[in-house]
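First comes the structure, then the notes that go with it.
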Amino acid sequence: MAGRRVPAVSHEIEQPMKLKPVKGMQDILPEEVRRWQVVEERFRRTVELFGFAEVRTPLLEATELFQRSTGETTEVVEKQMFTLERGSELLSLRPEGTPSCARTFIHESVYAKQPVSRWYYIGPMFRAEQPQRGRYRQFHQAGCEVYGDPGPLCDAELIDMLYGFLSELGIAELKVSVNSLGGSESRARYRDELIRYLKPRAAELSPHAQERFEQNPLRVLDSKDERDRAAAAGAPSIIDLLTPEDSAHWQGLLGALDALGTPYQVDQQLVRGLDYYTRTTFEISSTTGAIGSQNALLGGGRYDDMIEGLGGPATPAIGFAMGLERLLLALGDLALPPRSWVALAPLGEAQRNPALTLAKSLRQHGFITEVDGRGTSLKSMLRKANAGGARFCVVIGEAELARGVVQLKDLERHEQEEVPLTTLAERLAARVSAPANSTESEARG
Ligand code: AMP
């Protein structure tokens, strides 16, 4: 099957190729990736303590999956998907993780194997939004999904887990907002009530809301347009219209959050942008660091109807997604664990192969080791080691090698000592673990 034919590159006028990343997408250089890894590692550690296991799904899915789950009238599906045609297939880059996980859950009949499944994912998502700080076209989310548990205890634990995770990372000024949208019956009641409320105010709404409010009145509540916000301010509360079962679920959630000591605020405007939510919705935001106006760090909620709606068995479900770019903006400077690595500097041709075998043995001892094989001067090898942030430089000279020793330079402490090859690994380990100022006397002793 062929996709759209890609036009050939024109060589008529030789112009340098544009090397900027695609609009709204970012290169992340290795130094910055280390900050990502710290956050991802902490996230994994936290969610795995709660029994979540990682799932990996494709980046591309049938467009229809998002239309049927995220919802055709949502902004994400209406305007923001990167969609491509390939032969008869219409495919979209995933704008969020929940639909893909739900599809996998059904397709793999996971429900038949275990009554409750807890999954997490970390990966890129794609939405053609107007880029600004904290809002990109390719961004990364870390999220969790729970299938088969109707809550509300599990809803509260999830919210508390996230509050704990963000607090422990050191993010201040956290605000946890919770709301309930009820199940389908409460929602239908609320829909009617909201339409009744909005109809006489239709002229005050934004043109987009005017067009859409009868189809999806809840969207008016989370519209960013000032006109819609003003109209929504006096809207009836869904909490007052919940069925007794939905109300009990809501009260159960608040009671469990109180028991856990999670600080929260009830926000009755919190409907979230996606169509599928039922009962619990929540969001955590912060105004700290460089996060700016896009201050929602994560959002989530229950989607008890999605699995059945996509053709699976009726399965209650809840999930959330956290934006990693925003999290890193909020975090600011993150203390990275120091990396002690060793640069090997062979002084001449004859010392280069011995350097390779020495590197092999140091790596077996767990030291990050690089051999400078460029055949340059010691000065230049030292410059490279310093620029790369090496803690040690091991200088391998001809006469020393003949005696079975090397010169060990501690670049951090500006010290140098001669060390036998046979004990180099132990000496490096001692230096790495020794507190500052203690090595000099040790080295002499
Ligand atoms: P959503 O999937 O829209 O519920 O968003 C969940 C979280 O993902 C948000 O709170 C943000 O932290 C993050 N997020 C959503 N859209 C973007 C975007 N375009 N750029 C960066 N982060 C985003």
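Residue indices begin at 1 and follow the sequence shown. Just follow the structure's listing: the first ligand is 1, and inside any ligand the first atom is 1.
By heavy-atom distance, the residue among Tyr136, Phe126, Phe139 lying nearest atom 16 (N) of ligand 1 is Phe139.
Thr278 and Asp305 are not linked by any side-chain donor-acceptor pair at a separation below 3.5 angstrom, with hydrogens and angles left out of the test. In the model, Arg374 has a side-chain atom that pairs as donor or acceptor with a side-chain atom of Ser380 under 3.5 Å. Checked by atom type, the side-chain pair Glu185/Thr243 shows no donor-acceptor distance below 3.5 Å.
Among the atoms of Leu297, some N or O lies under 3.5 angstrom from an N or O of ligand 1. For the pair Glu129 and ligand 1, the shortest N or O to N or O distance falls below 3.5 Å. Polar contact with ligand 1: absent for Met322 (N/O pair, distance under 3.5 Å).
Close approach of ligand 1 to Ala321 (heavy-atom distance below 4.0 Å) involves ligand atoms 6 (C), 7 (C). Using a 4.0 Å cut-off to heavy atoms of Gly323, the atoms of ligand 1 that qualify are 7 (C), 8 (O), 12 (O), 13 (C). Atoms of ligand 1 lying under 4.0 Å from any heavy atom of Leu298, numbered from 1 in the order shown and given with element: 10 (O). Each of the atoms 18 (C), 19 (N), 20 (N), 21 (C) of ligand 1 lies under 4.0 Å from some heavy atom of Arg135.
Residue pairs meeting the side chain to side chain donor-acceptor pair (under 3.5 Å) criterion with at least one partner in residues 136-158, sequence neighbours excluded, are Thr98-Glu145, His140-Glu325, Glu145-Tyr303, Asp155-Thr280, Asp155-Arg302.
For Arg127, every heavy-atom contact with ligand 1 shorter than 4.0 Å involves the side chain, none the backbone. Heavy atoms of Met125 found under 4.0 angstrom from ligand 1: none, in either backbone or side chain.
The cationic group of Arg201 lies under 6.0 Å from the six-membered ring centre of Tyr197 and within 45° of the ring axis, placing it in a cation-pi geometry.
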Determine whether Leu218 and Tyr190 satisfy the following criterion, side-chain contact (heavy atoms from CB on, under 4.5 Å), listing intermediate values before the conclusion.
CA-CA 9 Å; Leu218 264 69; Tyr190 185 58; 3.9 Å; yes
Mind running side-chain contact (heavy atoms from CB on, under 4.5 Å) on Asp410 and Phe392 for me, showing each step along the way?
CA-CA 5 Å; Asp410 188 329; Phe392 302 104; 3.7 Å; yes
